[in-house]
Amino acid sequence: MKIRTNALAGIALAATAALGLAACGSGSSTPAASSAAAGGSNAGEITVYNAQHESLTKEWIDAFTAETGVKVTLRQGSDTEMSNQIIQEGAASPADVFLTENSPAMAQVENAGLFADVDTATIDQVPAEYRPSTGKWTGIAARSTVLVYDKAKLSEDQLPKSMLDLAKPEWKGKWAASPSGADFQAIVSALLELKGEAAAEEWLKGMKENFKAYKGNSTAMKAVNAGEVDAALIYHYYYYGDQAKTGENSKNVTPYYFKNQDPGAFVSVSGGGVLKSSKNAAAAQSFLKFITGKKGQEVLQKGNSFEYAIASDVPANDKLVPLTELQAPTVDPAKLNSEKVTELMTKAGLL
Amino acid sequence: MPIDLAAPETSGSTTTAGRGKRPRPPFGVSAVSVIAVLIALFSLIPLGYVIVMTAATGWDTAVGLIFRERVGELLLNTLLLMAITVPLCVALGVGGAWLVERTTLRGHKWWAVLLAAPLAIPAFVNSYAWVSAIPSLGGLWSGVLIATLSYFPLVYIPAAATLSRLDPAIEQSAASLGLGAWRTFFRVVLPQLRIAMTGGALLVSLHLLAEYGAFAMIRFDTFTTAIMVQYQSTFNGTAGNMLASVLVFFCLILLLAEVRSRGTARYARVGSGAQARALRLPLHAYQAPSQLFLMCLTALAFGLPLVFVLRWIFAGGTQIWVADEFLPALLQTMGYGLAGALATTVVAFPMAYLAVRHPGWFSKALELSNYVTSSMPGIVVGLAFVTVSIRVAPGFYQTTALLIAAYVLLFLPRALVNIRAGLAQAPKELDEAAQALGKPPLVSFIRVTLRLTAPAAAGGAALVFLAIVNELTATLLLSPNGTRTLATEFWSKSSEIDYAGAAPYALLMILISAPMTYLLFQQSKKVAGQ
């Protein structure tokens, strides 16, 4: 009987511990009702649905919390996962702020009528070309499309003149992308906006024939570096980020910008917005103002994210090719359509 | 998914309760029945969700989304993966169990534990280690490699447990009638392992259908990885739901196939008397090759992942140990694991009680409903709970309670099977004797039956804990805002190819899984020795 008694005692102990921990867990994770009582004048709590890179948003949050005392809880996900989630949650959404990597998901939430107007003080910090004219959300950073390639395998004259060339038969099996990512889907949405549905569909069909799928831009770049594939269509900062660290995943890789207003020269605007349903709108607005303000943009300029600063006259990180030299096509970020893109990509067998 | 590790024992042991007259069930039993029915109804939510979603989509759209080229690709990938991996797992599991239990293998006690050890390594950690070793890994054969190395212990453990208690008298009779060692094995031993093999094969198959992280890392697309991609693109789109309905269909087919192949034959010993100790077959010249084979197997399945996790740990240095990141993840994981294990054990009890003490069509139906749900991958249960809770019970949306409820549904059979075996070993007569001596039913139940069942329940709880620590998809979908578990942190770091940053989480997962794996291994032997 001795052993069994011990086992029972063990279970009882485990049970107590479990209840204790579960209580802690739920205590810290449920939205605090007493947020207003937390202290200082501007203090409180907000929840950010974050599709931006977690490390970048964490830098923003740490600086913001240090300055204002507002506690920020993160939920991490991907652009369209979170935009659709917010739409389904509707007025009951626990989210106060929504941050994305690209703009199509922002446009989707805007179209569902769930965003509050962005404070004019924030809008004033962001140049008009990096935010929608409606003022329902704002650009917070930007990223450029780039083709990274292996110089040992492709000479410069073999590089495609346009992103559209990658659908041609001579590129079969030669290039990589991460179709499940919001980044790639934003490029497709720009293509859709610039060239129309038929052209986009045609290109996706050719892509399905030609490309190799990887999960994540960094993984696609790593594959080019390792010689598994000749080139990868990704965003610029994966390259610069890796170069700044060890260069381990990019030492054999060279970035190539399409320029010439090509769909492949698309510069994607990352968005931020405050939900209408926010229970702490003041703190949510001040967070948005902070990240588009000087300090927030300097995180982009000086930090390790290598995304482009776009607001408050903060220049881009000096390791990057300046935004003005990229000859990006003009696309209204509010017009990018994520639902249509996932539909087309599903139809093409990419999702 | 049902863990049927102790299944061989339970099949023959529930018969005693069915004998004799059937008195009207007392109030306690009715209450237990009501609770069990409620649990069963609750557990049917995910299946209901899949059916409703498919119906709501409309026939034409559903057909268009299901019968398309991409689904064909996924189907081919998934079926090939299963067709190759399952037989490999059965061969390795049974072969290993036989070497360890029935031959004069040197150090067989050590090997017995070592062959169960890969269970402590989550498949996605295994995948991460292999990708670190061979960065170009991808596609079907890499999937087969990683899945086989991760899942063969699911066959090995029940096979070893069954072999250790098989009556050697039958084999001796076969030998005395002139059968050689090999033919005895194939004609006498192997048929008796049928339940262990089909149960193990079912488990491996369900794991293959449900696995996400391991296959995503090596770029091998199955239904589950494709659903996850759809989820990340649309949160809750119809295309993802249709893929889920195909996946659920497969799970149900597998479940039915296993029930059929299990058959009705009786494998238990009849009559009293002590069972003889099994004779160990001398290996002679095969000793060295057997040792080499087991060494290679454990090196690949257990050694390699461990070496690469440690390599990344040393490569990353001290800076990867960010205490305010890994400590909350560790505590959160332990909390979910313990709370989930406890809740699952509590919920499993009424079901097990009815199955053992009041067997019949009613308890069978209840049990089956749970098996159906737990055969569904975490991603489907997660999708169902997200949708249902947003619409019907917004108060539970993104709460710990909802996540724990999902864990309970996913892992209930793991606890159920163990508790049932334990209850079957606790004679009803002892309970009755206690009552005859003046104890109220509840007191006698707690002091006699519950106490006798405790070790088996602990085994079940260990299994559930292990499963929760390694769970990724349901946790990603359902966890409350701000939650970090070891698995989700590991996943977010390793997807950004921050392999060094991911290493501490991998190591912690292995470290907290190891004692549970050992407990589970011991428990399976004990149950088999009844």
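Chain A is the first sequence line, chain B the second, and so forth, proteins listed ahead of strands; every chain is numbered from 1. Any value given below was found using the heavy atoms of this structure, including those in side chains, with hydrogens, waters and symmetry copies removed.
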- Between A:F211 and A:W175, how do the two ring planes meet: parallel, tilted or perpendicular, split at 30° and 60°? tilted
- Message: If you count heavy-atom pairs within less than 4.5 Å of chain B, which of A:K208, A:H53, A:E339 leads?
- Response: A:K208
- Between chain B and each of A:T342, A:L350, A:L351, count heavy-atom pairs under 4.5 Å; write down the option with the most. A:L351
Region of [X] that comes under 4.5 Å of a non-hydrogen atom in chain B:
X	value
A:Q185	side chain
A:E54	side chain
A:E228	side chain
A:A213	backbone
A:D79	neither

- Query: Do the side chain of A:R75 and the main chain of B:S479 share a donor and acceptor less than 3.5 angstrom apart?
  - Reply: yes
- Main-chain N/O of A:A107 paired with A:N111 side-chain donor or acceptor, under 3.5 Å: yes
Which region of [X], side chain (C-beta onward) or backbone (N, CA, C, O), has a non-hydrogen atom less than 4.5 Å from a non-hydrogen atom of chain A, or is it both or neither?
X	answer
B:E69	neither
B:F465	neither
B:A216	both
B:L477	backbone
B:L403	neither
B:S492	side chain

- Query: When you look at A:T73 and B:N481, which way does the side chain to side chain donor-acceptor pair (under 3.5 Å) test go after all the steps?
  - Reply: CA-CA 7 Å; A:T73 304; B:N481 290 323; over 6 Å; no
- Task: Give a yes or no on whether B:F396 atom CZ has more than 12 heavy-atom contacts from other residues, nucleotides or ligands under 6.0 Å away.
- Result: no
- Task: Take atom CZ of B:R68 as the centre, draw a 6.0 Å sphere, and report whether it contains more than 12 heavy atoms from other residues, nucleotides or ligands.
- Result: yes
- Distance-only side-chain donor-acceptor flag, A:N84 / A:Q108, under 3.5 Å: yes
- Answer yes if the side chains of A:E89 and A:Y49 hold a donor-acceptor pair under 3.5 Å, and no otherwise. yes
- Could you tell me whether B:D221 and B:R70 have a side-chain N and a carboxylate O separated by less than 4.0 Å? yes
